[in-house]
There are 2 protein chains.
Amino acid sequence: MTQAAAGATGADGRDPEAVSRFVEHFAAQLVEAGLPRMPARVFAALLASDTGALTSSELGEQLKISPAAVSGAVRYLAQVHMISREREPGSRRERYRVHGDQWYEALTNREAILRRWEDALREGVTSLGPTTPAGRRLTETLAFFEFVEKEVAAMMERWREHREQRFGSGTSTRD
Amino acid sequence: MTQAAAGATGADGRDPEAVSRFVEHFAAQLVEAGLPRMPARVFAALLASDTGALTSSELGEQLKISPAAVSGAVRYLAQVHMISREREPGSRRERYRVHGDQWYEALTNREAILRRWEDALREGVTSLGPTTPAGRRLTETLAFFEFVEKEVAAMMERWREHREQRFGSGTSTRD
DNA sequence: CGCTTCTTTCAGAAATTTGTGAAGATACAG
DNA sequence: CTGTATCTTCACAAATTTCTGAAAGAAGCG
């Protein structure tokens, strides 16, 4: 019984059970917020890893999912810029990494979505008529989104500053 | 041919086709952002209505969906505070309304979600250890969310001010 | 150059989600 | 109190999504 003791640590100096508990719990929250299940689990696992980067097989093993599932999940995450892929030079292994800076941006970077909302609203204002009651409502909604878009950009700027001050520059975890 | 002419207006002074086009297009964007289909369509229809409020049967008719579907959709929307329900005093009809103020808040009011994320992260920091690399990453992530939570509140305050100035107070559409 | 190791793609099985019809509640009207 | 209009709930059918196993596709290494 070398590893199952209370709060025990695995071979790598971490308690795999505690890690798993956190991963599943946090992933569940992400799912509730709209992220597909597998991407959520993979992301949480990366977040909870020591180096902030894992290989495909490590992910599959830890989460008990097939290589195909890992592949699908990382493709999704990379597409929405929540992780980035790295190639290890001397190997065919690929490494998936969560990069502090990058994924904060991604979270707020519903920007593309915001844009499309704005486009749809502009079209609506035109086709319903800017002076109709509905048109006026759409105009105001549009103004809100434009406002938010600007504000979020400013907010992220402030965050970078804030973080710099509190945590020092760069990602807090490096290899 | 009283109503189908180009850009023509229906009996109610609006072009139903143009309205429908907007409704479906905007709803599609909302769906892409994660809203379930029916709620998205219902919401878009309300947004594009002249009074900003419709009854269940009006919604069902316009969107060609069953009363059950309307019921489910409005329940969802009310739950996330994107609309409110009103009782017409002299009738068993209920009216669903989009209230400018209210739904802007709702959109940014992922607050509940944010809170749960923060809770999960705090738990993770504790169980993985605040001084481990993973623990440090979680701490920073937590800080980010706390920062965002504060900032969003401030942003909404600024929005109210901004809107006041540009559109005058209150909802732009009243019965 | 072929072997080995890893990753991706593809088709299908399983589970989940979504919308409907029909029956059940609720509340006003006479 | 009975009748009627309106909304909600429930069980099921249909469509969509999700994950897996198996085979094909890259990329170093001998």
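When reading the values below, keep in mind they use all heavy atoms of this one structure, side chains included, and skip hydrogens, waters and symmetry mates.
For the pair E88(A) and S66(A), both in contact range of DNA chain D, the more 5′-proximal nearest nucleotide belongs to S66(A).
Each ring pair (Phe, Tyr, Trp, His ring centres under 6.0 Å) pair with one or both residues in residues 42-75 of chain B, not counting sequence neighbours, appears once here: F43(B)-W103(B).
Remark: P of dA5(D) and CZ of R87(B) are 18 Å apart, rounded to the nearest angstrom. Taking atom CZ of residue R41(A) and atom C1' of nucleotide dC19(D), one finds them 11 Å apart after rounding to whole Å.
By the ring-ring contact (aromatic ring centres under 6.0 Å, His included) test, Y76(A) pairs with no residue at all, sequence neighbours left out. Taking the side chain to side chain contact (heavy atoms under 4.5 Å, CB included) definition, one finds that R115(B) meets it with E111(B), E118(B), E149(B), sequence neighbours left out. Residues passing the side chain to side chain contact (heavy atoms under 4.5 Å, CB included) test with A44(B), sequence neighbours excluded: V23(B), F26(B), A27(B). For A154(A), the side chain to side chain contact (heavy atoms under 4.5 Å, CB included) test picks out R158(A), with sequence neighbours left out.
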In 5'-to-3' order, the base (B), backbone-only (S) or no-contact (-) status of each nucleotide in nucleotides 1-18 of chain C, using a 4.0 angstrom heavy-atom cut-off, is ----BSSBB---------
